[in-house]
Every structure is written in structure tokens, then in C-alpha cells.
Amino acid sequence: MFPLLLAVIASLVLLVRAESVIVPGATWTDTSGNAIQAHGGGILKVGSTYYWFGEDKAANSALFSAVACYSSSDLVNWARQNDALTPVSGTMISSSDIVERPKVLYNSENEEYVMWFHSDTSNYGAAMVGVATASSPCGPYSYKASWKPLGNDSRDMGLYQDDDGTAYLLYASDNNQNFKITQLDSNYYNVTTQVAQLTGATLEAPGIVKRDGVYYLFASHTSGWAPNPNKWFSAPSLSGTWTSQADIAPEPVRTYFSQNNYDLPLGSDAIYMGDRWRPALLGSSRYIWLPLSWSSGSPQLVWADVWSVDLAAGTYSVASGTTYEAESGTRGGSSTVISNSAFSGGEAVGYLGDGGTVTINNVQGNGNGQWVSLYYANGDSTWRNVTVSVNGGATTLVDQPDTGGGSVVLSVPVKLNLRSGSNTITFGSNQNNYAGDLDKIIVYNVG
Ligand SMILES: *[C@@H]1O[C@H](CO)[C@@H](O)[C@H](O)[C@H]1NC(C)=O
Ligand SMILES: *[C@@H]1O[C@H](CO)[C@@H](O)[C@H](O)[C@H]1NC(C)=O
Ligand SMILES: *[C@@H]1O[C@H](CO)[C@@H](O)[C@H](O)[C@H]1NC(C)=O
């Protein structure tokens, strides 16, 4: 009885501490509390365990430091494992080279895990793929080679494994002009034949999902680290004919400031996994994971500040919260109500920061720590930020990526400790720079 009770208490404590929600744009921490370093990543499922491979950019450099490997049973709580791939001096994967977008497949013929990645020199002049193999999901992997597939460029790439085990390299080729799909050999060590080319498509960062026998290709265009409107294409077979490009989200939001890195089927929908790159501070680039829903008939991103997946049911659910309009708050200093039909209620508060503040009153909290999303517009070409203070306490700084125009509204999350009952939240105090225009906040009951 007593040990059983202890076990129950222990598991309750674990349940309380484990995260249950996905919060796009937040600092996503692993089970040790460190920011997850798995940029440009890919997912591999082995049994009921998911592995997330990605670039460790903790050193804030584009150069190769490691391909990290994380494991999870729920896609939310991730435990860092040993590094899957680390630099090998004197090769194309030295610490002065580029290793990006690692993707791993299991090859059942050789009972082996095979990693493919974009392998390049520091000026991106080599444009190769690299391959490494291992006998367990996180390896460590043994590097085999880097080369140009079929003699041509390969930059931002992905892999696709079809139901019959045939695998394909999806890649930006020919100086990023042509996008190609090329079959792998049965070992997954090399490419054999090109099956499709989207000529002049300028696509990169691809992923493919098969749904009801139709192939859906997702990819961004090529704009460096800056976001662009990512696209979808469909075809009855990988060789085509591929439909012409269509948006996965409204164009002005530029894929909610993200770039595709992987697309994971979830029931009859999928999960879009994207990177929100921050080139000046690469290790602080965030992950934008969103439901990719076919409910409208075509694949579209569903913006969700806070959401969760039910893996057993193959469904997702988007949390709802309580909205507080910024223009209903108490303004201080030089802050001003500004009008634009893009804002909820047609108004927002501008000229925040540099003396201007707004305090939102009577914000209901639960006392347990909770996610709050700030809806804002930042028409600059660079990031802004805003200070947030709860009940007059210390300020927290929240980054506000440029939204691509002053009438494009995005949201960024911050976890706040609101007390149970009524709170005030002040924005823009204690900062000399202008913050984004604040449209509204949404307070969620989960933290
Ligand atoms: C692809 O590579 C082959 C062999 O190196 C070369 O002859 C051909 O010109 C390349 N194609 C393009 C479009 O660069
Ligand atoms: C891939 O195959 C081509 C021939 O099709 C060959 O020239 C090349 O060396 C192979 N690359 C590797 C890494 O095996
Ligand atoms: C906040 O944003 C301003 C630009 O508006 C920038 O100069 C400053 O470095 C940012 N602060 C931090 C800590 O990122």
C-alpha cells in the first residue's frame, strides 16, 4: 500500500511537471530544461518512440557542431540523447563546414538507420548531400561521404519514404533553380534515377505527406533566412504531374514567420514543423509547429497559439483563451490608439516603449503559470521587443519578429505567473526602443 501510494504520488508529480501543449514560437525546453537545439530537423518514428534530429546551433554559428537527437513518446516532452553526428576533421563534415537539415530513415533491408543531410562548405559553394549510417536511432552515426547527386547541386533537402520502402531525395538543385525528386538505391546510400523536376521552381526545405493515395509536397521558396509564403503541390505519383503552387497560409503572414523543415502525418491531417530562423542569434531560432489541416479540401496551416495532439486518435485540438483588447487598457506616456482594419476591433496601441505604455486591467489568472499570446504588428524590417510586467513586478522582454508590414498581425507567446483572480499587465515600460503595435492579448488557462 505504502510503496503504491508513493508511486502514485511520484507519477502525479511527473504529470504536473510534464508539458502537455505545443506553443509555436516559445523557447521549447527539453526534459533537462535546456532549449531544444534541433533546427532544420526531421522526425523518425521507431515503434512508439519519436526521434527528432536537427542542427545544434547553440554556438550561434552556421558552422557544424552537432546533429542532436531527441526522443519523445508524445511529441511534446523531448529528452536529449547522445549527439547523432559530430564533426570529423579533414572531411566535408569538419567543424568549419556546413551540415544542415539532417533527415533519417530506417532501411529494413540492412536493418540500418541512414541519415542524409545538406553537406556544404562555409560559403555554401559545394552544394552536396552527405550520408551517415548507424545501427541504432541516435547512433552515433558513421560518416560515409558527401557528393553531388547525379553530378548536380543539392542544397536544402528532405527525404521521403514511400509505403513500399522506396525512398527519395527531395532537393533544391542547379543553383536553387530546379527542384528535383530522385530515387535512392535499396541501401539508401546513393541516388539512382531522377523521377521529377519542377523546373525554375526555386523551391527548398521540402517535405512530402501521402494522403488518400495523393502525394502532397510542401516547400518554401528561396529567401535565405528570411521567411516567405511556403507552398503546397499535389500529384498522383511522385513523378507527377505536380499541380501548380498554392499557399499553405495567407501570403502576408509569410508562413507565420517560418520555413518548412518536416511534415508529419497525423490521422487525416498532418503536423507542419517549421523553423523561425534568427540569423543574428541562430541558437535562439524557434520552432513553429502547427496543425496542417485538409478540412477546407486543401492543406492549410491552422494558426494555434497553444495546441495539443492526441496521437492515439490522430487528432489535434487548439486551445481557446480569453481576449483582452490593448486599446481597452490604460495608456501612459506617448502611447496612442491607432486604427487599421487588420487589428481586432480595428484598433491597437502604438508608440509603446520609449516612454509609451499600456496597462491591461482585470486580467483573470489561475495562479499556476500560464501562456499569454501577444498579438502585434511590427512593420520594420528588423525585430522589435516589448517589456511585460505583471502587477507592477519585474519586466520580461518578449521578442517581436518583423511581421512583414504594419498591417500584418502575428502573435508571440510568453509564459506569465498571474495570480489567481485579477491582475494588471503593463507593456512597454522600462524600454528605450519602440515595441510593436499591440493589438490584443489572449490569456490561456494552461502553462
Ligand atoms: C548536371 O551535372 C552534369 C554532370 O556533371 C552536367 O553535365 C550538367 O550540366 C549539370 N546540369 C546542370 C543543370 O547544371
Ligand atoms: C553515387 O553513384 C554514382 C554513379 O551513379 C557514383 O559516381 C558516385 O561515386 C556514387 N556516390 C557514392 C557516395 O557512392
Ligand atoms: C530590442 O529591440 C531593439 C530594436 O528595437 C534592439 O536594438 C535591442 O537589441 C533588442 N533587445 C534585445 C535584448 O534583444
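Residue numbers start at 1 and run along the sequence shown.
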Which label fits W307 and Y316: parallel for a plane angle under 30°, tilted from 30 to 60°, or perpendicular past 60°?
perpendicular

N/O donor-acceptor pair under 3.5 Å between N77 side chain and E19 backbone:
yes

Check: R384 and L352 side chains under 4.5 Å, non-hydrogen atoms:
no

Below 4.0 angstrom, N of the basic side chain to O of the carboxylate: do K440 and E347 qualify?
no

Is any side-chain heavy atom of Y215 closer than 4.5 Å to one of K210?
yes

V114 and side-chain contact (heavy atoms from CB on, under 4.5 Å): which partner among N107, V104, L184, N187?
N107

Just by distance, do the side chain of Y141 and the backbone of P137 share a donor-acceptor pair under 3.5 Å?
yes

Out of the candidates Y189, W147, Y168, only one should pair with W116 under the ring-ring contact (aromatic ring centres under 6.0 Å, His included) rule; please name it.
W147

Under 4.5 Å between any side-chain heavy atoms of W277 and H39, yes or no?
yes

For T91, all residues meeting side chain to side chain donor-acceptor pair (under 3.5 Å), sequence neighbours excluded:
none

So, the side chain of T403 versus the backbone of L410: is there a donor-acceptor pair under 3.5 Å, distance only?
no

Just jot down the side chain to side chain donor-acceptor pair (under 3.5 Å) partners of S308, sequence neighbours excluded, or say none.
S317

Less than 4.0 Å between a side-chain N and a carboxylate O, is that true for D399 and R276?
no

Show your working on side-chain contact (heavy atoms from CB on, under 4.5 Å) between T255 and N260 and close with a plain yes or no.
CA-CA 9 Å; T255 327; N260 187 60; over 6 Å; no

Verify the distance criterion only: is there a donor paired with an acceptor across the side chains of Y171 and N152 at less than 3.5 Å?
no

Given the options Y113, Y188, Y160, L105 meets side-chain contact (heavy atoms from CB on, under 4.5 Å) only with Y188

Checking side-chain contact (heavy atoms from CB on, under 4.5 Å) against L418, which of N368, N366, I425 comes through?
I425

Looking at W303 and Y256, would you say the former's side chain and the latter's main chain have a donor-acceptor pair under 3.5 Å?
no

Please examine the side chains of F53 and Y262, heavy atoms only from C-beta on, and report whether any two atoms are closer than 4.5 Å.
no

How are the rings of W294 and F218 set relative to one another: parallel (under 30°), tilted (30 to 60°) or perpendicular (over 60°)?
perpendicular

Can you label the angle between the W52 ring and the W78 ring as parallel, tilted or perpendicular, going by 30° and 60°?
perpendicular

Taking CD in E109 as the centre, count heavy atoms belonging to other residues, nucleotides or ligands within less than 6.0 Å. Is the count above 12?
yes

Counting only N and O atoms by type, is there a donor-acceptor contact under 3.5 Å from the side chain of D185 to the main-chain atoms of T192?
no

Close side-chain approach of I338 to F343, heavy-atom, < 4.5 Å:
yes

Quick check on the 6.0 Å ring-centre criterion: do F257 and W383 meet it?
yes

